[in-house]
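Starting from 1, each residue takes its place in the sequence as its number.
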Amino acid sequence: MQMKTLTGPPLEVFEALGSLKFPYVYSDPESCRLHAALAKDLGIESDYIIAGCGADELIDLIMRCVLDPGDKVVDCPPIFTMYEFDAAVNGALVLKAYIEFSGIKSRMGWVKKFENLIVLRTFSKRAGLAGLRVGYGAFPLCIIGYLWRAKQPYNVSVAAEVSACVALLNPTYLEKVKEALVQERDRLYKLLKEVPFLNPFPSYSNFILCEVMSGMDAKKLKDDLAKMGVMIRYYNNKELKGYVRVSIGKPQFPFLTDFWC
């Protein structure tokens with residue numbers, strides 16, 4: 001039964017997963033069906049696209065192909081932690097946002113013009129498929145051949161490929177989910193602004209970063225909320241010490257009334 005509130009993937013994804021007849025067969029090592037669906041969705045040829053087991057795998061794949069030990073990677077913190085993790089795994093040094101929710105047009109087509117550009121995206125938030133681990137990227141032709149050689153052959157599972165393809169067949173649903181999340185993000189931001197000990201920052205993603213102020217301990221706030229069944233992200237690194245991150249989900253958000261006083 002589909003929930004009244006728009007959350008998660010389209011109902012057709014659950015139906016497709018429930019009717020899978022060949023999960024014992026290895027997945028297509030080239031994910032041809034998914035690449036064709038992505039090419040249609042993105043408006044670029046499939047020759048420029050590689051799908052992966054989440055964007056995480058693609059980040060690691062890129063670094064394994066282009067980095068030598070001791071190379072330096074420049075990022076823009078706060079950013080996805082896997083960039084720093086994979087840089088460390090590949091012996092590189094790190095020198096010290098989701099497109100669907102930003103209102104900005106994707107630059108994926110630019111990889112056809114710029115040989116030094118790679119654009120990565122994921123189905124985790126857009127289609128509610130985080131648990132199935134499916135991401136994708138657009139790459140210049142001068143790079144993509146090396147990535148195909150280094151990629152694991154069965155990196156996208158049968159279930160993940162089926163789910164992603166079915167999700168792409170429901171663009172109207174995906175757009176409604178995005179709009180609902182953006183509306184909830186704006187509503188939640190206004191509520192967070194009213195909490196005396198929080199300083200939320202404007203967001204173009206599916207979460208809101210908040211500075212914890214007025215003597216309130218960020219770690220204690222995170223632990224107290226966890227006891228109420230509300231999970232938020234707490235940071236302990238030097239750049240974001242004293243900050244928390246609130247993901248956008250269902251309209252219920254109990255801690256606002258319980259922590260107001």
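- Between Ile62 and Leu120, the closest side-chain pair of non-hydrogen atoms falls below 4.5 Å.
- For residues 32-48, the salt bridge (charged side-chain N to carboxylate O under 4.0 Å, His left out) pairs, not counting sequence neighbours, are Asp41-Arg126, Glu45-Lys112.
- Tyr146 pairs by the ring pair (Phe, Tyr, Trp, His ring centres under 6.0 Å) definition with nothing, not counting sequence neighbours.
- Pairs passing the ring-ring contact (aromatic ring centres under 6.0 Å, His included) check and including a residue from residues 39-73, sequence neighbours excluded, do not occur.
- Taking 4.5 Å as the limit, some side-chain heavy atom of Glu57 sits within range of a side-chain heavy atom of Asn155.
- Counting only heavy atoms from C-beta outward, the side chains of Tyr173 and Glu12 never approach each other to under 4.5 Å.
- Annotation: side chain of Arg233 is not in contact with side chain of Lys222 (no heavy-atom distance under 4.5 Å).
- Aromatic pair Tyr235/Tyr243: ring centres not closer than 6.0 Å.
- A side-chain contact (heavy atoms from CB on, under 4.5 Å) with Ile144 is found for one member of Ile50, Ile118, Ile49 and no other, namely Ile50.
- Tracing side-chain contacts under 4.5 Å through hydrophobic residues (I, L, V, M, F, W, Y), one never reaches Tyr234 starting from Leu198; they form parts of separate clusters.
- Looking at residues two or more places apart in sequence or on another chain, you find no salt bridge (Lys or Arg N to Asp or Glu O under 4.0 Å) involving Lys241.
- The hydrophobic cluster containing Met213 does not contain Val195, counting ILVMFWY residues as joined when their side-chain heavy atoms lie under 4.5 angstrom apart, directly or transitively.
- At a threshold of 4.5 Å between non-hydrogen side-chain atoms, the residues Val134 and Glu161 do not count as touching.
- Using a 4.5 Å heavy-atom threshold, the side chains of Leu225 and Leu221 count as touching.
- Distance CG/Asn206 to CG/Leu181: 7.0 Å, rounded to 0.5 Å.
- Phe114 is linked by a side chain to side chain contact (heavy atoms under 4.5 Å, CB included) to Trp110, Asn116, Leu117, counting only residues two or more places apart in sequence or in another chain.
- For Arg245, there are no salt bridge (Lys or Arg N to Asp or Glu O under 4.0 Å) partners, not counting sequence neighbours.
- Residues Asp186 and Lys190 are not paired through a salt bridge, judged by the lack of any N-O separation under 4.0 Å between the basic side chain and the carboxylate.
- Transitive grouping of hydrophobic side chains (ILVMFWY, heavy atoms separated by less than 4.5 Å) keeps Leu209 and Met231 in distinct clusters.
- In this structure, Asp60 CG and Cys53 SG are separated by 11.5 Å, a value rounded to the nearest 0.5 Å.
- A search for side chain to side chain contact (heavy atoms under 4.5 Å, CB included) contacts involving Asp56 returns Phe80, Met82, Arg133, not counting sequence neighbours.
- Rounded to the nearest 0.5 Å, atoms CG (Leu34) and SG (Cys165) are 4.5 Å apart.
- Atom CD1 of Ile248 is separated from atom OG of Ser205 by 8.5 Å, given to the nearest 0.5 angstrom.
- Legend: residues meeting ring pair (Phe, Tyr, Trp, His ring centres under 6.0 Å) with Phe123, ordered by chain and number and at least two apart, are Tyr136.
- Looking at residues two or more places apart in sequence or on another chain, you find a side chain to side chain contact (heavy atoms under 4.5 Å, CB included) between Glu115 and Cys142.
- Interatomic distance, CG of Leu191 versus CD of Glu184, reported as 8.0 Å (0.5 Å rounding).
- For the atom pair SG of Cys210 and CZ of Phe197, the computed distance is 10.0 Å after rounding to the nearest 0.5 Å.
- Contact check for Leu61 versus Lys151: side-chain heavy atoms found under the 4.5 Å cut-off.
- In terms of heavy atoms, Leu147 sits closest to Cys65 at CD2-SG, 3.6 Å.
- Summarising the geometry of Ile44 relative to Gly109, their closest heavy-atom pair is CG2-CA, 3.8 Å, with the distance given to 0.1 Å.
- The hydrophobic clustering, which links ILVMFWY residues whose side-chain heavy atoms are closer than 4.5 Å, places Leu188 and Met228 together.
- Under the salt bridge (Lys or Arg N to Asp or Glu O under 4.0 Å) criterion, Asp223 pairs with Lys219, not counting sequence neighbours.
- Residues meeting the side chain to side chain contact (heavy atoms under 4.5 Å, CB included) test with Ala159, sequence neighbours left out: Leu17, Leu20, Leu132, Ser157.
- Glu179 pairs by the salt bridge (Lys or Arg N to Asp or Glu O under 4.0 Å) definition with nothing, not counting sequence neighbours.
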